[in-house]
Amino acid sequence: MNAFRLVVVGAGISGMTAALMARRAGADVTVATFGFGGMQLSQGTIDVLDVPRPLDGMAALPATHPYHTITADSIREGAKALAEYVPLRGTVEESTTFPTALGSLRRTALYPESMAAGAVRKGDGDRHYVIVGISGLKDFYPRLVAENLCGLNIQARAAAVELAAPGDTALAYSRTLKEPGAAEGLGRKLAEIAEPGEYVGIPAVVREAEWKRIQSACPNPVFQIPLPPPSIPGLEMNERLREACSQQRIRMFLNSKAVGLVAEGSRVTAVKVAVAGATKEVPADYVIYAAGGLDSGAIELDSHRELHDTVFGLPVAHENELLHGDFWGEPQPLYAAGLNVDEQMRPTGEKGPVYTNLYAVGDMLAGAYRAREKSGEGIAIGSAAQAVASIMRSEA
Ligand SMILES: Cc1cc2nc3c(=O)[nH]c(=O)nc-3n(C[C@H](O)[C@H](O)[C@H](O)COP(=O)(O)OP(=O)(O)OC[C@H]3O[C@@H](n4cnc5c(N)ncnc54)[C@H](O)[C@@H]3O)c2cc1C
């Protein structure tokens, strides 16, 4: 039997999770993507919902929220699939709380090992933290972090290490700490600063391999605290998924914009992709539309305040009022604009699914305030898993 052909549009977390899951299930997968997705800007963690037990919290969301269509099992499946390529700790069943670069606390579901020792749990009241800044690195002020943590009754003090890099960003320090012996050198400096039993928080400037080298030279537990973007843990997650796609022999059309489709009746037969000055028709038995919605420009608001799906012309669902005047208040309804989908993740119009073999995932879906709810990554991996499961049922 020939493998079925899946075309995925977009290589953010939803597109790559779907591509890898479908490939694992035997599909011949092509991904067309251009630009950067949200992952490089993210913390390198997976948020499902900003409540202590995310999957239990889904039921309380408004009726139009995608978590009423995406099942808890799909989120579990998406997380399992992701974990095959990106080593993550934690569970989607229960949030873990970590210090932020401002010294507040933030919940997430899955997180890299380099952040694990920073978990703040009830019953850890006796734990002492030392938050260590790096001289010359912008956007991380250890005193601010430590003082704010103390305000939350978490015992923390601030310190700093001298470290030169050819720039003041996380990227510059990340390159410097890749040099032979540099990570171990930082670990030794941290060991000199830390008192016995203290947990050492550092700005997230290294990938997991370098964190392990830092930790190997410091007897105290060392953890990374995410920084404003571009984020090294987010970049590493993106690199690992891209690498996995390449290893799994997923065809990647980079810098290639999907610009339309070819259909026979209600079935899509090809995706039109703009490549090197021409438009190529990529044949498809199934299409997963993972182009990121409003944030990535796949959905646009025109000067008449009309919303459009710029790639496939699908109907965009939205509230009547797109923007309200209270810019410091509730999130703008515009942010929740997107595609309505059925339980198979197929975009729907007034008469049901627009195409029988076109699926939409991640930020393409309507009804969520992702940044505020901390739901974007959970929606991405859950909808990807649910779309691939629907395709596999069609193939059975
Ligand atoms: C400021 C901000 C803060 C956020 N904070 C959080 C948070 O704290 N927690 C959380 O869970 N979520 C948060 N989110 C949301 C989260 O980042 C997204 O939900 C998630 O990254 C979506 O992934 P995706 O794969 O659906 O889309 P994306 O990551 O946007 O990927 C889509 C990809 O498709 C590409 N593309 C677009 N159009 C085309 C086309 N025509 N052809 C080919 N490729 C195309 C894009 O360039 C992009 O590479 C935040 C978002 C923003 C903007």
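Atoms within a ligand are numbered from 1 in the order they appear, just like the ligands themselves. For clarity, every value in this text was computed on a predicted model and none was experimentally measured. Just so it is clear, the values below take in all heavy atoms, side chains as well, and ignore hydrogens, waters and symmetry mates.
- In this structure, Phe223 has its ring center closer than 6.0 angstrom to the ring center of Tyr129.
- The distance from ligand 1 to the heavy atoms of Gly38 drops below 4.0 Å at these ligand atoms: 21 (O), 28 (P), 29 (O), 30 (O).
- Phe327 and His324 have tilted rings, their planes meeting at an angle from 30° to 60° on a 0 to 90° scale.
- When each atom of ligand 1 is checked for a heavy atom of Val311 under 4.0 Å away, the hits are 41 (N).
- Proximity of Thr33 to ligand 1, defined as any heavy-atom pair under 4.0 Å, is shared by backbone and side chain alike.
- Residue Gly362 has at least one heavy-atom neighbour below 4.0 Å for each of these atoms of ligand 1: 26 (O).
- The aromatic rings of Tyr111 and Phe98 stand perpendicular to each other, their planes meeting at an angle above 60°, with 30° marking the opposite boundary.
- A 4.5 Å side-chain heavy-atom check between Ile202 and Ile214 finds at least one atom pair inside the cut-off.
- With atom 27 (O) of ligand 1 as the reference point, the heavy atom nearest to it among Ala258, Gly12, Gly292 is part of Gly292.
- Around atom 49 (O) of ligand 1, the closest heavy atom drawn from Gly37, Ala380, Gly10 belongs to Gly37.
- Using a distance-only test at 3.5 Å, with no hydrogens or angles considered, a donor-acceptor pair links the side chain of Asn148 to the main chain of Leu102.
- No option in Arg372, Lys374, Arg107 other than Arg107 meets the salt bridge (charged side-chain N to carboxylate O under 4.0 Å, His left out) test with Asp50.
- In the candidate list Ala11, Gly297, Ala32, Ser296, Ala11 is nearest to atom 33 (C) of ligand 1, counting heavy atoms.
- Nearest protein neighbour of atom 15 (C) of ligand 1, counting heavy atoms only, is Arg370 CB, 3.9 Å.
- Residue Ile13 touches ligand 1 through backbone and side chain together, judged by heavy-atom distances below 4.0 Å.
- Distance check on atom 1 (C) of ligand 1: every protein heavy atom falls at or beyond the 4.0 Å cut-off.
- Ranking protein heavy atoms by distance to atom 37 (C) of ligand 1, first place goes to Ala291 O, 3.0 Å.
- Of the listed residues (Val92, Leu110, Thr108), just one forms a side chain to side chain contact (heavy atoms under 4.5 Å, CB included) with Val48, and that residue is Val92.
- Residues Val120 and Leu105 form a side-chain contact, since some pair of their non-hydrogen atoms from C-beta on lies under 4.5 Å apart.
- Looking at Asp295 and Arg370, no side-chain N of the basic residue comes within less than 4.0 Å of a carboxylate O on the acidic one, giving no salt bridge.
- Interface atoms of ligand 1 facing Ser14, defined by a heavy-atom separation under 4.0 Å, are 24 (P), 25 (O), 26 (O).
- The nearest pair of heavy atoms linking Val316 to Asp309 is CG2-N, 3.6 Å.
- The nearest heavy-atom contact from the protein to atom 8 (O) of ligand 1 is Arg106 NH2, 2.8 Å.
- Residue-to-ligand polar distances place Gly376 within reach of ligand 1: an N/O pair is separated by less than 3.5 Å.
- Interface of Asp363 with ligand 1, defined as ligand atoms under 4.0 Å from a residue heavy atom, comprises 18 (C), 19 (O), 20 (C), 22 (C), 26 (O).
- Residue nearest to atom 3 (C) of ligand 1, selected from Ala371, Ala18, Ser375, Gly234: Ala371 (by heavy-atom distance).
- Smallest separation of non-hydrogen atoms from Gly26 and Ala3: O-CB, 3.2 Å.
- If you number the atoms of ligand 1 from 1 as listed, the ones under 4.0 Å from a heavy atom of Asp295 come out as 53 (C).
- Atom 39 (C) of ligand 1 has as its closest protein heavy atom Phe34 CE2, 3.1 Å.
- In this structure, Arg267 forms a cation-pi arrangement with Tyr286, its terminal cationic atom sitting closer than 6.0 Å to the ring centre and no more than 45° off the ring axis.
- For the pair Asp47 and ligand 1, the shortest N or O to N or O distance falls below 3.5 Å.
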